[in-house]
Structure formats: C-alpha cells, structure tokens
Colleague: 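Mind looking over this structure? Questions follow.
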Amino acid sequence: MTDTPLLLVRDVTKRFGGRIACCDVSFDLWPGEVLGIVGESGSGKTTLLNCLAGRMTPDGGSVAYDSASSGLVDVHPLSEARRRLLTRTEWGFVNQDAREGLRMGVSAGANIGERLMAIGARHYGEIRQTATDWLGRVEIELDRLDDRPTAFSGGMRQRLQIARNLVSQPRLVFMDEPTGGLDVSVQARILDLLRGLVANLNLSAVLVTHDLGVARLLTHRLMVMQGGRVVEAGLTDQVLDDPQHAYTQMLVASILPV
Amino acid sequence: MPDVSIQDEAYNYAYLDEQTKRMIRRAILKAVAVPGYQVPFGGREMPLPYGWGTGGIQVTAAIIGRDDTLKVIDQGADDTTNAVSIRRFFAKVADVATTTRTEDATIIQTRHRVPETPLSEGQILVFQVPIPEPLRMLEPRETETRTLHALSEYGVMQVSLYESIARHGRIAKTYNYPVLVNGRYIMSPSPIPKFDNPKLDRNPALQLYGAGREKRIYAVPPYTPVKSLDFDDHPFEIETWKESCSLCGSSESFLDEMIVDDSGKRLFLCSDTDWCQDRQEKQRVDAAK
C-alpha cells in the first residue's frame with residue numbers, strides 16, 4: 001500500500017434542475033481497494049459513478065486521480081483529450097448493459113483489441129494473441145474469437161466487456177451493476193471472475209450495485225446512499241452485519257432469505 | 001482571376017455567382033492549410049443530381065479561369081456520360097479549353113481514378129466525393145466523428161481493418177481505402193481503387209476533394225505525405241493482375257475486366273483511356289519506324 005489514495009473525491013454534488021441527484025459525497029479510494037456503492041433505484045448511485053468517471057460534470061466538488069503518467073490530476077478541469085486518454089488507458093468502465101460498452105458489429109477479438117489499437121498497437125498477430133489470451137482469462141471458449149457479440153449470451157457479453165476494459169491494464173475500473181439482469185449462476189461465475197481479476201491485477205474498483213450479496217462478495221468498503229446522500233459508510237462486513245442507519249437496516253433486512 | 005465582364009449573359013462566369021465562389025475559395029484555402037481536414041462549406045444546388053459530381057463541379061467552378069485547360073474523367077475514361085457532360089458544361093459556362101490529355105490539363109476533375117500519367121506541379125486534381133467522412137460507417141454520429149478527428153482517436157478505424165483481416169484473412173477493402181494525411185488526419189480518398197493510393201503520396205499536384213451532398217471540402221497540398229493504413233504484419237498492398245491490357249499491352253496500369261460475349265470471354269483493358277491511347281499511339285509510331 002502506498003500512502004496516497006488513487007482517487008480523492010471531495011463534496012461531489014450533481015443536480016438536475018432543482019432535483020438533487022447526489023450531494024456532498026466525499027471519499028478516498030486506495031490502490032487495490034474495491035469500494036461498493038449501494039442503495040435503491042434513484043438514490044444517485046449511477047450519477048455519482050458517472051461524475052467520478054468523468055462522464056458527467058458535477059455541479060460542485062472535485063475528483064482527483066493519482067495517474068501513473070502525470071501524478072495527481074483533477075479529473076474535471078482536464079482537457080477533453082487528456083480525460084479521454086485517461087479513460088481508455090488507466091481506467092475502465094463496465095456498463096450494466098453490455099451492448100453499451102461493446103461494439104456489437106465487430107468480432108470479439110476486435111472488441112478486445114480496440115483499446116490496444118487506440119494506443120498505437122499495429123501488429124495484427126500480437127493484437128490477436130493478446131485478445132485470445134484475454135478471452136481465456138474471462139472464460140470464453142477461444143474459438144469464439146471471431147464471433148460477434150450479437151451471437152453471445154448475456155453473461156458472455158458481460159465477460160467480453162470486462163476483457164475489453166482490462167486489456168489495457170487499467171488501474172481503476174468503474175462498474176455499474178456488472179451483474180444486473182443476469183441469472184444467478186451466471187452472476188456467480190462473473191463475480192468469481194471479477195474477484196480473481198481484482199486480486200491478481202491489483203485493481204482498484206468502484207462498484208455500483210443494488211445487490212447486497214454482490215457487495216458482500218466483491219467489495220472491501222461500502223457506502224450506502226439514500227436520496228443522493230451517503231447515509232452510512234464503512235467496512236463492508238461491518239456495514240452489512242451491524243447496520244447503524246435505519247435505511248441500511250431496512251436494506252439489509254429486505255434481503256430475501258433462501 | 002474571375003472574369004466579371006460578361007454582363008449580358010444569363011449566367012455568371014463559371015455558373016456560380018462571385019460570392020459563392022469566394023466562399024468556396026475560402027474553404028479551399030483552409031483545407032489546403034490543414035491537410036486532410038474536412039472544411040464545411042455552403043454547398044449550392046447544381047444543375048445535376050447529388051452523386052453525379054456536385055461537389056467536384058463546385059470546386060472546379062471556384063478555381064477555374066479562362067487560361068485553364070480542363071480534363072474530366074469518370075472511372076478513368078474521358079468518354080463516359082458524366083465526363084462528357086461536365087466537360088461540356090465548363091466549356092460552355094467558363095469558356096475554357098478542354099482536353100483528354102493528362103499532361104496538357106491544368107485542372108483534372110475526376111471520379112474514381114487518379115490518372116496513370118504522373119502529374120506535375122501546377123496541376124490541380126479535383127475529386128468528386130460521395131462520403132467524405134472515413135469514420136462514417138463505424139461511428140454514425142457526426143458530433144462524435146468530429147471529436148475523434150479533433151483528438152486523433154483513430155483506434156476505431158484500425159478496428160475495421162482488424163475485422164477485415166479476421167474475416168477475410170487480409171484487408172479486403174479495395175476502394176476508398178483510408179489514408180493518414182501528413183501524419184495527422186485520417187481521410188477518405190474518395191472511391192478510387194487502392195491501386196491509386198500510392199499516387200496520392202507526395203504528389204506534386206494539388207489535390208482538392210469536394211463532397212456536394214455533405215458539403216465538405218478537403219485537400220492534400222503538393223508533396224504532402226499520404227499513408228495508407230495497415231498493420232505491421234499485414235502491410236498495405238495494391239491490386240495486381242496476371243493479364244495485361246489487350247489494347248496497349250500495359251502491365252503497370254489499373255485494368256478493367258470486361259465480359260465481351262455470351263460464352264464468358266474476358267478482356268482486360270486499361271481503365272485510363274488517355275494513358276492507353278497514348279501508349280497505342282507510341283507503339284504505332286515505333287512500328288512505323
């Protein structure tokens with residue numbers, strides 16, 4: 001562990017007209033740490049994530065990132081060129097809907113290779129080799145390399161999206177409900193995969209989910225959001241086993257027992 | 001310089017009014033200053049349909065003067081409908097001499113080919129462009145493609161070449177093959193065969209590209225490096241033929257394949273008619289000697 005956080009978030013606020021989507025959110029994310037953001041639909045989780053990832057400009061507050069190339073940078077005042085470079089080299093973004101994060105018209109290999117080509121890879125054989133390698137790492141059969149994602153199942157698409165993001169070896173990955181809309185056995189495989197990848201690659205991640213089970217499995221720390229505010233934050237086990245805030249207690253209590 | 005002395009004629013010199021020509025010239029100057037960058041311009045209605053060369057004809061109208069000699073080719077040929085009518089149009093409205101000989105022309109308006117005869121300094125090649133945006137088929141949003149150009153984020157173009165190799169075993173694109181101009185902008189060279197791409201590179205002539213429907217002008221100034229995109233292990237290659245031209249015997253030009261009878265007999269001919277006739281002429285002279 002180093003002594004500087006990877007991501008420093010201070011008082012991030014986003015309003016849509018008079019409606020507050022998220023309000024005064026502050027936290028530090030340390031290298032190798034996975035932070036979960038939980039809360040019900042409409043609690044501002046995804047808006048917050050978009051603000052953190054530079055996809056939306058917050059109305060107040062700041063997001064600073066300790067980049068490998070140029071040290072601590074303020075994400076939002078960055079020029080668009082530099083921010084886009086950052087997002088396709090040092091960051092990854094896994095969408096809930098894999099179709100948004102993939103190019104559905106080109107093969108799996110091209111999807112994985114895109115980031116490599118965007119940063120200057122010009123050797124077809126090597127790109128293909130790396131793509132094959134990553135296909136294996138996300139547990140997709142290697143003979144599917146030249147198939148389009150349209151021919152993939154939901155779970156495979158999600159795994160392909162993960163591979164496409166991780167191929168450039170990012171340091172920080174934002175995930176928006178990566179297992180939403182998948183059936184439980186597929187969810188379990190993806191969670192397993194993500195847990196392994198996060199541990200092996202020493203990734204940091206911010207994970208948005210409404211599923212406390214996912215949060216329990218993947219995250220080290222947890223923030224609970226309600227109505228755009230963080231109502232409780234702490235170590236995941238602590239928050240889930242001994243919830244302090246009434247809303248968190250309600251959330252934990254609403255998990256369906258099997 | 002434009003001639004504004006003809007007051008009694010129904011049309012202004014070179015069809016377009018002087019203000020329009022000035023506007024197009026400004027776009028051309030900007031295009032020349034930023035090689036490969038697509039400059040928007042206020043395209044006018046022309047007396048021919050979109051897709052028949054409205055962009056090229058507007059560029060030609062803006063740069064043509066009485067001293068010019070115009071050559072117009074369509075698919076390499078001087079005698080096809082489109083070439084003949086555009087040539088006649090300018091002979092009428094701009095009072096210029098026309099020619100079919102590449103070396104005699106000062107302006108060559110072209111669709112789908114670059115002449116085989118090497119061009120020289122002082123010549124201008126005007127391309128008719130149907131789709132100026134090389135990223136169009138990969139990224140449908142204009143706002144996004146402009147951003148990609150502005151930030152030179154060209155990964156997606158390479159993705160399309162990767163996909164072509166993955167599917168066909170080689171880069172299967174044979175025309176409108178994307179090029180990188182002056183190490184900066186990716187440009188669509190208009191639907192010329194990739195055979196002609198090497199001719200764009202460091203060409204002594206000025207290349208102007210006009211897209212009438214999409215109202216864009218772009219340019220490659222003389223001696224500008226133009227590189228066809230490829231992969232290190234799948235380098236750019238041009239088409240080759242086992243046959244040679246059945247009229248002039250050329251084996252170094254772009255050949256058209258023609259089916260000449262019902263039993264499937266094939267004939268290969270130069271697509272550049274001027275080049276082919278020139279060679280036949282020389283061969284006759286040599287034979288006579």
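Since we're looking at a predicted model, the values are computed, not measured.
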Colleague: Using a cut-off of under 4.5 Å on heavy-atom pairs, state which of A:Glu114, A:Glu126, A:Arg115 scores highest against chain B.
Modeller: A:Glu114
Colleague: Answer yes or no: does atom CD of A:Gln169 have more than 12 heavy-atom neighbours from other residues, nucleotides or ligands under 6.0 Å?
Modeller: no
Colleague: With rounding to the nearest 0.5 angstrom, report the OH to CD1 distance, A:Tyr124 to B:Ile171.
Modeller: 10.0 Å
Colleague: Near B:Lys173 NZ, under 6.0 Å, is it more than 12 heavy atoms from other residues, nucleotides or ligands?
Modeller: yes
Colleague: Enter the distance from B:Ile165:CD1 to A:Ser107:OG here, rounded to the nearest 0.5 Å.
Modeller: 11.0 Å
Colleague: Should we say atom CZ of B:Phe268 is surrounded by more than 12 heavy atoms from elsewhere, each under 6.0 Å from it?
Modeller: yes
Colleague: For the interface with chain B, which of A:Leu85, A:Val106, A:Asp146 has the highest count of heavy-atom pairs at distances below 4.5 Å?
Modeller: A:Val106
Colleague: For the residue pair B:Asp233 and A:His123, confirm or rule out a side-chain donor-acceptor distance under 3.5 Å.
Modeller: yes
Colleague: Check whether B:Leu148 gets within reach of chain A through its side chain, its backbone, both or neither, counting any heavy atom under 4.5 Å.
Modeller: side chain
Colleague: What is the distance from atom CE of A:Met117 to atom CZ of B:Phe231, rounded to the nearest 0.5 Å?
Modeller: 5.0 Å
Colleague: Quick check on A:Arg82 against chain B: is it the side chain, the backbone, both or neither that has a heavy atom closer than 4.5 Å?
Modeller: neither
Colleague: Below 4.0 angstrom, N of the basic side chain to O of the carboxylate: do A:Arg84 and B:Glu144 qualify?
Modeller: yes
Colleague: Say you draw a straight line from CG of B:Leu229 to CZ of A:Arg122; how long is it, rounded to the nearest 0.5 Å?
Modeller: 7.5 Å
Colleague: First locate atom OH of B:Tyr162, then atom CG of A:Leu116, and finally report the distance between them rounded to the nearest 0.5 Å.
Modeller: 10.0 Å
Colleague: Got a second to check how far A:Arg88's CZ is from B:Glu153's CD, nearest 0.5 Å?
Modeller: 4.0 Å
Colleague: Answer with side chain, backbone, both or neither: which region of B:Ser160 has an atom nearer than 4.5 Å to a non-hydrogen atom of chain A?
Modeller: neither
Colleague: Please check if the number of heavy atoms outside A:Arg15 that lie under 6.0 Å from its CZ is greater than 12.
Modeller: no
Colleague: Are there over 12 heavy-atom neighbours, none belonging to A:Arg99, within less than 6.0 Å of that residue's CZ?
Modeller: no
Colleague: Quick check on A:Trp91: does its CH2 atom have over 12 non-hydrogen neighbours (other residues, nucleotides or ligands) under 6.0 Å away?
Modeller: yes
Colleague: For each of A:Gly105, A:Gly109, A:Gly113, tally heavy-atom pairs with chain B at distances under 4.5 Å, and name the one with the top tally.
Modeller: A:Gly109
Colleague: Tell me whether the count of non-hydrogen atoms from other residues, nucleotides or ligands lying under 6.0 Å of CZ in B:Arg136 goes above 12.
Modeller: yes
